[in-house]
Amino acid sequence: MEAFSKFGQIIHARVVTDRVSGYSKGFGFVRYATLAEAAEGIKGMDGKFLDGWVIFAEYARPRPPPPGQTSEPPYGYQ
């Protein structure tokens with residue numbers, strides 16, 4: 001959070017961890033107050049080193065649906 005806060009007001013930040021071990025999964029999410037601040041954060045942190053690791057900063061993308069799941073509601077639901 002500290003590294004990203006110099007680019008704008010952070011609403012939420014978290015590192016995704018494994019449920020069992022508690023270790024980092026190697027990625028996280030930062031939410032800024034505005035899109036302009038988010039763009040500055042991405043521009044400022046992409047390709048930089050943080051705690052010995054190279055950071056790849058980009059906008060989050062929606063998770064694709066699991067295989068075999070359709071976007072239509074189940075039969076009987078409307």
Side-chain angles (χ1 to χ4, degrees):
M1 191 167 187
E2 182 182 328
F4 284 85
S5 66
K6 58 184 139 189
F7 302 103
Q9 179 187 357
I10 295 180
I11 303 299
H12 180 78
R14 85 176 180 117
V15 174
V16 178
T17 56
D18 182 80
R19 291 181 190 177
V20 176
S21 69
Y23 290 117
S24 167
K25 286 192 166 193
F27 65 97
F29 297 94
V30 178
R31 176 169 286 187
Y32 285 94
T34 68
L35 285 174
E37 291 172 340
E40 284 298 313
I42 290 171
K43 188 170 96 177
M45 290 302 290
D46 190 41
K48 302 293 190 261
F49 281 92
L50 181 64
D51 296 333
W53 296 90
V54 176
I55 299 297
F56 296 98
E58 56 188 31
Y59 289 105
R61 294 180 303 273
R63 183 184 298 181
Q69 184 177 359
T70 65
S71 60
E72 296 180 17
Y75 179 75
Y77 289 92
Q78 295 189 13

Participant: On a heavy-atom basis, which atom in Ser24 and which in Val15 lie closest, and how many Å separate them?
Facilitator: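 It is OG-CG1, 3.5 Å.
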Participant: Nearest heavy-atom pair of Gln9 and Glu37: which atoms, and what distance?
Facilitator: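 Where Gln9 meets Glu37 most closely, the heavy atoms are N-OE1, 3.4 Å.
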Participant: Do Tyr59 and Ile42 have side chains that get closer than 4.5 Å, going by heavy atoms?
Facilitator: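 Side chain of Tyr59 against side chain of Ile42, heavy atoms only: contact under 4.5 Å found.
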Participant: Val30 vs Ile10, test: side chain to side chain contact (heavy atoms under 4.5 Å, CB included). Steps then yes/no.
Facilitator: CA-CA 7 Å; Val30 178; Ile10 295 180; 4.0 Å; yes
Participant: Could you tell me if the side chain of Phe4 sits less than 4.5 Å from the side chain of Tyr32, heavy atoms only?
Facilitator: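 Side chain of Tyr32 against side chain of Phe4, heavy atoms only: contact under 4.5 Å found.
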Participant: Walk me through it: do Leu50 and Lys48 pass the test side chain to side chain contact (heavy atoms under 4.5 Å, CB included)?
Facilitator: CA-CA 7 Å; Leu50 181 64; Lys48 302 293 190 261; over 6 Å; no
Participant: Kindly indicate whether the side chain of Met45, heavy atoms from C-beta on, has any atom under 4.5 Å from the side chain of Phe7.
Facilitator: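 In contact.
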Participant: Might you point out which heavy atoms bring Asp46 and Phe56 nearest each other, and give the distance in Å?
Facilitator: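 The pair with the smallest heavy-atom distance is OD1-CA, 3.4 Å.
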